[in-house]
Each structure stands twice: as C-alpha cells, then as structure tokens.
Amino acid sequence: YIGTDNYQSGGQAVELIRQEAGDHARVGILAPDLDTGLCSVSGRLEGFKAAAEEAGLSVVGTCETTYDSLSALEAIRTFLADHPDVEVLYCAEAVSGQAAADVIRELGLEDELMVLAYDINSRIREDLLDGAMDITLSQDTKAVGEACASLLLELAKNRDMEQGTDVFLSCIPLTARDLEDKTDET
C-alpha cells in the first residue's frame, strides 16, 4: 500500500480542531454513510473518533450525508437545526465538506462554524477562499507518486523481491492563507 494513512488523518483532524476551536469544541461528524465500505472514509472516522475520545473532544452527533447533493444539503440543514450548539463540522470526505460549505454560506454562518474536510479541488479551493470552509486535509499526491516511482525502481533492480514496504503518508492541511500564499508565489 502506498497512500494516505487515513486513520492517522482522523487524529490529525482532531489536533487541528483543538488548535483552531479549542479543547472543548462541540463537533458534528458528517459522512456519506457512517458504516461505509470505503476504507478511506472508515479509516478517517475510526481515527477521528479514537483521537476525539482520547482528547476529550465533545462529539455532539453525526449526520449521514449522501452523494446526492440535494439530500446532503437537507440532512446538514436538519442536523444544524437539531444541534444549534455545534461549533465544528468534521466532514470525512470532500462531498460532505462541499455540501457543508453550501449550507454554511446559505445560513451566513461562515464566522460561527468551523468546517474541516478532505481533498482539494476547484470547488474546495473556492470554499476555502470565501470562508465557507476553514481547513481541508489534502492527500500528498506528490509524495504518493514519488513513493510509487521509488518502489518501481527498486522492483526493477531486484526482480526477486516479493513485496515492497507499505508507505503511509500524512495529509497536508490547507487553509485559505496557504492558497493565497501559493498564488502570491506565482
């Protein structure tokens, strides 16, 4: 395996929430299916819940979103109405994060709720820059590519090698400031 350590990224999310919103922040978890078969989402959720429990972070509830954006938007609106004390939305993947950003923007809660999601695309970049999302944990695709190339070179040199070593990588936290800094550099 060469890729993101999804379990560790859940713990990374807890640390970012503690840094930005405090040790006693009230968190809602958003994911498309809380018993998903997707190992990336499952790993993130397991890592987040374990780290949140260890840190004493208050998880106030979970919201099952869907990949149908209209249903996801409605589920998040209902979740926020049922949990008016939530301060942070932890979105275990990009689609939930994008839907959360839409609802945050719609309700004018950009300065009241922290949204943390995963991955980077043009839509998440826009959500970060306009304040509807605070942090995304981006997979380190450059490091994944480098690790794959390294392993292929190793396999080419040693054709008797039966198996390479697993490589687990951390996510890169990105904020609007990070994106603005990259724009300034170009």
Side-chain angles (χ1 to χ4, degrees), residues 4-36 38 40-120 123-124 126-138 170-179:
T4 300
D5 185 337
N6 288 296
Y7 185 90
Q8 182 271 341
S9 78
Q12 186 179 9
V14 168
E15 285 309 307
L16 290 166
I17 290 168
R18 291 176 68 203
Q19 289 171 16
E20 298 297 320
D23 291 336
H24 304 290
R26 292 178 300 279
V27 181
I29 298 174
L30 279 61
D33 180 352
L34 299 176
D35 293 320
T36 183
L38 291 172
S40 59
V41 173
S42 295
R44 293 168 185 170
L45 290 170
E46 289 171 14
F48 183 85
K49 289 175 183 178
E53 184 177 334
E54 184 178 319
L57 207 59
S58 174
V59 176
V60 299
T62 55
C63 176
E64 187 172 319
T65 58
T66 67
Y67 288 113
D68 167 23
S69 59
L70 293 177
S71 298
L73 293 170
E74 190 55 39
I76 294 167
R77 284 185 200 105
T78 300
F79 179 80
L80 290 174
D82 292 345
H83 299 89
D85 60 335
V86 73
E87 298 170 297
V88 178
L89 294 176
Y90 168 69
C91 308
E93 41 68 62
V95 176
S96 294
Q98 292 169 181
D102 284 345
V103 173
I104 296 305
R105 191 179 296 108
E106 170 190 308
L107 299 176
L109 300 173
E110 294 93 338
D111 294 330
E112 296 177 39
L113 281 173
M114 176 183 174
V115 176
L116 186 148
Y118 282 85
D119 298 326
I120 187 72
R123 175 64 198 290
I124 288 177
E126 177 185 312
D127 291 337
L128 287 164
L129 290 171
D130 77 7
M133 185 181 293
D134 299 279
I135 301 173
T136 191
L137 290 170
S138 177
S170 296
C171 286
I172 302 167
L174 295 174
T175 64
R177 184 177 306 124
D178 298 318
L179 297 177

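Each residue takes its place number in the sequence, starting with 1.
Heavy-atom minimum distance, Tyr90 versus Gly10: OH-CA, 4.0 Å. Heavy-atom minimum distance, Leu45 versus Ala92: CD2-CB, 3.8 Å. Leu113 approaches Asp134 most closely through the heavy-atom pair O-OD2, 3.5 Å. Of all heavy-atom pairs between Leu129 and Ala176, the closest is CD2-O, 4.0 Å. When every heavy atom of Thr66 is checked against every heavy atom of Ala72, the shortest pair comes out as O-CB, 3.6 Å. Annotation for Pro173 and Gln12: closest pair CD-NE2, 3.7 Å, computed over non-hydrogen atoms.
Counting only heavy atoms from C-beta outward, the side chains of Ile120 and Leu128 approach each other to under 4.5 Å. Annotation: side chain of Ile17 is in contact with side chain of Met114 (closest heavy-atom distance under 4.5 Å). Side-chain contact between Cys91 and Val115: present, with at least one pair of heavy atoms (C-beta onward) separated by less than 4.5 Å. Proximity of Leu116 to Glu20: side-chain heavy atoms (C-beta onward) are nowhere separated by under 4.5 Å.
Judged as a side-chain hydrogen bond (donor to acceptor under 3.5 Å, both in side chains), and not counting sequence neighbours, Ser69 has no contacts. For Asn6, the side-chain hydrogen bond (donor to acceptor under 3.5 Å, both in side chains) partners at least two apart in sequence or on another chain are Arg44. Looking at residues two or more places apart in sequence or on another chain, you find a side-chain hydrogen bond (donor to acceptor under 3.5 Å, both in side chains) between Ser71 and Asp68. With sequence neighbours left out, Glu53 forms a side-chain contact (heavy atoms from CB on, under 4.5 Å) with no residue at all. Scored by the side-chain contact (heavy atoms from CB on, under 4.5 Å) test, Ala51 finds Val14 as partners (sequence neighbours excluded).
If you take SG on Cys63 and CD1 on Ile29, they are separated by 11.0 Å, rounding to the nearest 0.5 Å. Going from atom CG of Leu174 over to atom CD1 of Ile124 covers 10.0 Å, rounded to the nearest 0.5 Å. Separation of atoms OG1 (Thr136) and CG (Asp178) is listed at 11.0 Å; rounding is to 0.5 Å.
Here the side chain of Glu110 pairs no donor or acceptor atom with the backbone of Ala132 at under 3.5 angstrom. No donor-acceptor pair closer than 3.5 Å links the side chain of Thr175 to the backbone N or O of Ile135.
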Side-chain donor-acceptor pairs of residues 78-86 under 3.5 Å, sequence neighbours excluded:
unit_1	atom_1	unit_2	atom_2	d
Thr78	OG1	Glu74	O	3.0
His83	ND1	Phe79	O	3.0

Could you go through residues 95-109 and list every donor-acceptor pair under 3.5 Å that involves a side-chain atom there, pairing it with any protein atom two or more places apart or in another chain?
unit_1	atom_1	unit_2	atom_2	d
Ser96	OG	Thr65	OG1	2.6
Ser96	OG	Glu93	OE2	2.3
Gln98	OE1	Asn121	ND2	2.9
Asp102	OD1	Arg105	NH1	3.2
Asp102	OD1	Arg123	NH2	2.3
Asp102	OD2	Arg123	NH2	3.0
Arg105	NE	Asp130	OD2	3.0
Arg105	NH2	Asp127	OD1	2.5
Arg105	NH2	Asp130	OD1	3.4
Arg105	NH2	Asp130	OD2	3.1
Glu106	OE1	Arg77	NE	3.4
Glu106	OE1	Arg77	NH2	2.8
Glu106	OE2	Arg77	NE	2.8

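In the model, Ser9 has a side-chain atom that pairs as donor or acceptor with a side-chain atom of Tyr118 under 3.5 Å.
Among pairs with a residue in residues 11-30, none fulfils ring-ring contact (aromatic ring centres under 6.0 Å, His included), at least two apart in sequence or across chains. Sorted by first and then second residue, the salt bridge (Lys or Arg N to Asp or Glu O under 4.0 Å) pairs involving residues 8-19 (not counting sequence neighbours) are Glu15-Arg18, Arg18-Asp23.
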